[in-house]
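Just below is one structure, and these are the notes that go with it.
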Amino acid sequence: MRDLLLVIVVMGWTISQASSAAVGEMVGTAADWPNHAGDADETGFSRLDQIKTSNVAKLGLEWSLELPGEVTLEATPLAVNGVLYFTGSYAAVYAVDAVTGKLLWKFDPQTWAHNPDKMHFSFGANRGVAYANGRVFSAALDGRLFAFDAKTGGLLWSVETTSPQSVQSITGAPRTFKDKVIIGNAGADFGARGYVTAYDAATGHQAWRFYTAPGSPEENRGDPAMERAAATWSGEYWKTGTGGAVWDSITFDHELNRIYLGTGNGGPYDPAARSPGGGDNLYTASIVALDADTGKYVWHYQVNPSDAWDYDCTQPMVLAALTINGKPRKVLMQAPKNGFFYVIDRQTGKLVSAEKIGKVTWADRIDIATGRPVEAKNIRYEAGRISIWPSSLGAHSWQQMSYSPGTGLVYIPYLQVGARFSKGAPESGDISVGGLSMGWAKTDPQDGKGALLAWDPVRQQAAWKVQLDTLWNGGTLGTSGGLVFQGTADGYFSAYDASNGARLWRFNAGLGIIASPISYSVGTKQYISLLVGYGGQSAIASDLMHVGWKYGAQPRRLLTFALDGKAVLPPAEPPTMEVKALDDASVQLKESDVAVGHAIYLACAACHGRDLVSTGGPAPDLRESQLALNPDSFWSVVHDGALIARGMPRFETFTREQVMQIYAYIRSGARQTLASRKTEDRNLPPKN
């Protein structure tokens, strides 16, 4: 079966009131889904219970909306007053009637026209919008933040949140709190200094900015938070690069009036390169608490001191009230990339508990007294090549986890695959990134696969686990109906019993799912909605995440479900691993050009797929491309930007020779594919 379902119920586990939210606490959403993960606490939980374990088998498609021109769909929609708001691949904003699926308005930021250079920094993905007081807020790849009239789509204001000349970009969703809207940015992989900025929601005027890594001594002087951070760096780090970008997770604590930031990896990845004298490198790979009114530092907890593996801490953070050892605690919960589940006292920033959620070898444990990891030897590849779990993809990535106060469980989209790291030139099967050689490590049958993991944050142990065949799957939604919803890379959208993981319903969406579903109601009817559009980061790990989807073959859609829904999804092409390679036998290839082209192609792999293997988005498999057969057409697209409006950036710094070397590598790959197919055909048994 494509979806290998294995429910593992941990012996001795029972649902306990001790791990539930405080009695009477209103956790989750009701009729609307007004924030990125539902409520301000980002629980990913709905209090609606019309759809429940006893009737979810009657759930059916209510309506679908095709989204032409979209490729990767990672956004979590918002539902406010009967309207759904969400973003597409390159941050186009949509407003759709939540009952009928009718498009009400659309705004396209056209990054390709405004700042074409920023098109280089994308997987063709954006994670959504924010809403407050009749306004919708979105951020474009090029760093602009927009405010719209929610009813008409009219642009109210726009502001540049990053320098137009910087390597910083935005794919994350903004958040709103009180009278402000806040946004961070990406760029840590290029060493950019991370920060977040809060703006007045009505005017767009900057309210405050907080940097998540120190600057030069002159910039730090007089700022206690930056002076404290600078003491954990060495050398001229402000020239080498710092990182710490807040590219996704930002959470507002309405009880304590705080903002929590999940910060990114250090950049460059190798700590010896960015901070040669050592140091923890604050505030990279950390959770940082700020005063919501002023943006001033309150506390921090560093998950990975001196990060060396792209273990960023930007994964979703959930706020909750838990009873631990008989005492109520206001906590923040996160399952960051490094494979541990953290429960942190959000009043003090002190670690309450941390345990491994899966296969983790880089550290033995987290010392509760110090809050620091007890690391394995040679973990920073000082003595040569190492293999560790998890990889830089993480044991959990950006996909939303959800928390149910009814079961007291957190539902996590879990990943399992290891990584090889070494310094210098890439070794066999690896790629070179920032002076490091990096590749995947797989040693057991579950490596390269994912799971839906139900985690008890009080006992710090798994309650149950649904094993999946695919690695790169969607976020989760918990509901008061006793259900957990998740979509998977193989194209199925499923509902599970939240108490034991039994699958109760599933729907074939016709394309892989990586976005998170939501629930809302209009009138007396409860709905479930999600975006369907596989792609994004899957391209750079196509050897792990390719499940047969093709660029342009399967429609990208918004799907909405309700009880007794009768709509029928129009058919789409099924997945296939067959590559319909094209070739021109008259083209002569030089081995030297193919080898150089392979190296240059790394600039293309983030979209077109590693080793020419596309996952179906955000860009096509070039072995199958008719356009890539013609050298002049290929030059026009790659160098001149003929398809930039469709998401293909221009590489104007490439010479004609370099573009033709990439061309040679593609042609060589296509020929190898055709030759392999002929060999397979010859080895097939004769037909009767």
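Throughout, numbering of the chain's residues begins at 1 and tracks the sequence.
- For the pair Trp398 (side chain) and Ser249 (backbone), a donor-acceptor distance under 3.5 Å is absent.
- Atom CD of residue Gln537 and atom CG of residue Leu393 lie 6.0 Å apart, to the nearest 0.5 angstrom.
- Between the side chain of Tyr311 and the backbone N or O of Pro390 there is at least one donor-acceptor pair closer than 3.5 Å.
- Residue Leu319 holds its CG atom at 8.5 Å from CE of Met333, rounded to the nearest 0.5 Å.
- Note that CG of Leu415 is 7.5 Å distant from NE2 of His396, once rounded to the nearest 0.5 Å.
- For the ring-ring contact (aromatic ring centres under 6.0 Å, His included) with Phe86, the qualifying choice from Tyr94, Tyr131, Phe107 is Tyr94, the only one to do so.
- Between Ile518 and Leu84 the shortest side-chain heavy-atom distance falls below 4.5 Å.
- Looking at Asn55, its side chain does come within 3.5 Å of a backbone N or O of Gln50 through a donor-acceptor pair.
- How far CD1 of Ile344 is from NZ of Lys350: 11.5 Å, rounded to the nearest 0.5 Å.
- In this structure, the separation between OG1 on Thr294 and CZ on Phe210 is 10.5 Å, given to the nearest 0.5 Å.
- Of the options Phe561, Phe493, Tyr492, a ring-ring contact (aromatic ring centres under 6.0 Å, His included) to Phe507 is made by Phe561 and by none of the others.
- Residue pairs meeting the salt bridge (Lys or Arg N to Asp or Glu O under 4.0 Å) criterion with at least one partner in residues 325-334, sequence neighbours excluded, are Glu255-Lys330, Arg329-Asp345.
- Here the options are Arg175, His36, Gln400, the test is side-chain hydrogen bond (donor to acceptor under 3.5 Å, both in side chains), and the partner is Glu42; only Arg175 passes.
- The backbone N or O of Gly44 sits nowhere less than 3.5 Å from a side-chain atom of Tyr411 that would complete a donor-acceptor pair.
- With hydrogens and angles disregarded, no donor-acceptor distance shorter than 3.5 Å links the side chain of Ser158 to the backbone of Phe146.
- Looking only at atom types and distance, the side chain of Asp497 has a donor-acceptor partner in the side chain of Ser499 under 3.5 Å away.
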(request) Determine, stepwise, if the pair Trp455 / Gln461 fulfils side-chain hydrogen bond (donor to acceptor under 3.5 Å, both in side chains). (result) CA-CA 6 Å; Trp455 190 260; Gln461 64 185 36; over 6 Å; no
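- Under the 3.5 Å distance criterion, with hydrogens and angles disregarded, a donor-acceptor pair is assigned to the side chains of Ser519 and Gln526.
- Residue Ala207 comes nearest to Lys180 through the heavy atom pair CB-CE, 3.7 Å, listed as atom of the first residue, atom of the second, then distance.
- No side-chain heavy atom of Asn126 sits less than 4.5 Å from a side-chain heavy atom of Tyr90.
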(request) Kindly determine whether Asp41 and Val27 satisfy side chain to side chain contact (heavy atoms under 4.5 Å, CB included), including the steps that lead there. (result) CA-CA 8 Å; Asp41 293 341; Val27 174; 5.6 Å; no
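- Taking every heavy atom of both residues into account, Ala515 and Ala75 meet most closely at CB-O, 3.6 Å.
- The two residues Ala562 and Tyr527 come nearest to each other via the heavy atoms CB-CD2, 4.0 Å.
- Closest of all the heavy-atom pairs between Ala454 and Leu409 is CB-CD1, 4.1 Å.
- Side-chain atoms of Ile250 and Ile259, non-hydrogen and from C-beta on, do get closer than 4.5 Å to each other.
- Checking side-chain atoms of Trp63 against main-chain N and O of Gly565 turns up no donor-acceptor pair under 3.5 Å.
- Between the side chain of Arg258 and the backbone N or O of Arg346, at least one donor-acceptor pair lies under 3.5 Å.
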(request) Go through the steps to decide whether Asp490 and Thr488 satisfy the test side-chain hydrogen bond (donor to acceptor under 3.5 Å, both in side chains), and finish with yes or no. (result) CA-CA 5 Å; Asp490 58 8; Thr488 47; 2.6 Å; yes
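- In this structure, Thr263 contributes its side chain and Ser286 its backbone to a donor-acceptor pair below 3.5 Å.
- Considering CZ of Phe45 and OG of Ser402, their distance stands at 9.0 Å, rounded to 0.5 Å.
- Under the side-chain contact (heavy atoms from CB on, under 4.5 Å) rule, Tyr496 has a single partner from Leu504, Leu452, Val56, which is Leu452.
- For Asn325, the CG atom counts as loosely surrounded, since its 6.0 Å shell holds 12 or fewer non-hydrogen atoms of other residues, nucleotides or ligands.
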(message) Let's go through Phe252 and Asn257 carefully: what are the C-alpha distance in whole Å and the side-chain angles of both, what is the deciding distance for side chain to side chain contact (heavy atoms under 4.5 Å, CB included) to 0.1 Å, and is it a yes or a no?
(response) CA-CA 7 Å; Phe252 172 55; Asn257 195 39; 4.0 Å; yes
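- Between Trp299 and Tyr260, a ring centre-to-centre spacing shorter than 6.0 Å is recorded.
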(request) Apply side chain to side chain contact (heavy atoms under 4.5 Å, CB included) to Leu563 and Ile51, showing your working. (result) CA-CA 7 Å; Leu563 292 176; Ile51 302 167; 3.9 Å; yes
(request) Please lay out, stage by stage, how Ile287 and Cys313 fare under the test side chain to side chain contact (heavy atoms under 4.5 Å, CB included). (result) CA-CA 7 Å; Ile287 295 170; Cys313 198; 3.8 Å; yes
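- Put simply, the side chain of Val343 reaches to within 4.5 Å of the side chain of Phe341, judged on heavy atoms.
- Ser89 pairs in a side-chain hydrogen bond (donor to acceptor under 3.5 Å, both in side chains) with only one of the listed residues (Arg556, Glu74, Glu70), which is Glu70.
- Smallest separation of non-hydrogen atoms from Ser516 and Pro77: O-CD, 4.1 Å.
- Applying the salt bridge (charged side-chain N to carboxylate O under 4.0 Å, His left out) criterion to Asp49, with sequence neighbours excluded, gives no partner residue.
- The shortest side-chain heavy-atom distance between Asn473 and Gln399 does not fall under the 4.5 Å cut-off.
- A tilted orientation is assigned to the rings of Phe177 and Trp208, their planes being inclined by 30° to 60°.
- With a 4.5 Å cut-off on side-chain heavy atoms, Phe485 and Leu59 count as touching.
- Pairing each heavy atom of Thr87 with each of Ser138, the nearest pair is CG2-CB, 4.4 Å.
- You'll find the side chain of Thr560 reaches within 4.5 Å of the side chain of Tyr520, heavy atoms only.
- Ring orientation note: the planes of Trp105 and Phe148 are tilted relative to one another, at an angle of 30° to 60°.
- The main-chain N or O of Gly474 is found under 3.5 Å from a side-chain atom of Gln486 such that the two form a donor-acceptor pair.
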(request) Determine, stepwise, if the pair Thr171 / Arg127 fulfils side-chain hydrogen bond (donor to acceptor under 3.5 Å, both in side chains). (result) CA-CA 6 Å; Thr171 58; Arg127 296 182 187 88; 2.8 Å; yes
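- Side-chain atoms of Asp291 come within 3.5 Å of backbone N or O of Asp293 as a donor-acceptor pair.
- Between Tyr199 and Phe137, the ring centre distance reaches or exceeds 6.0 Å.
- In this structure, Asp32 and Asn81 have side chains that are in contact, with non-hydrogen atoms separated by less than 4.5 Å.
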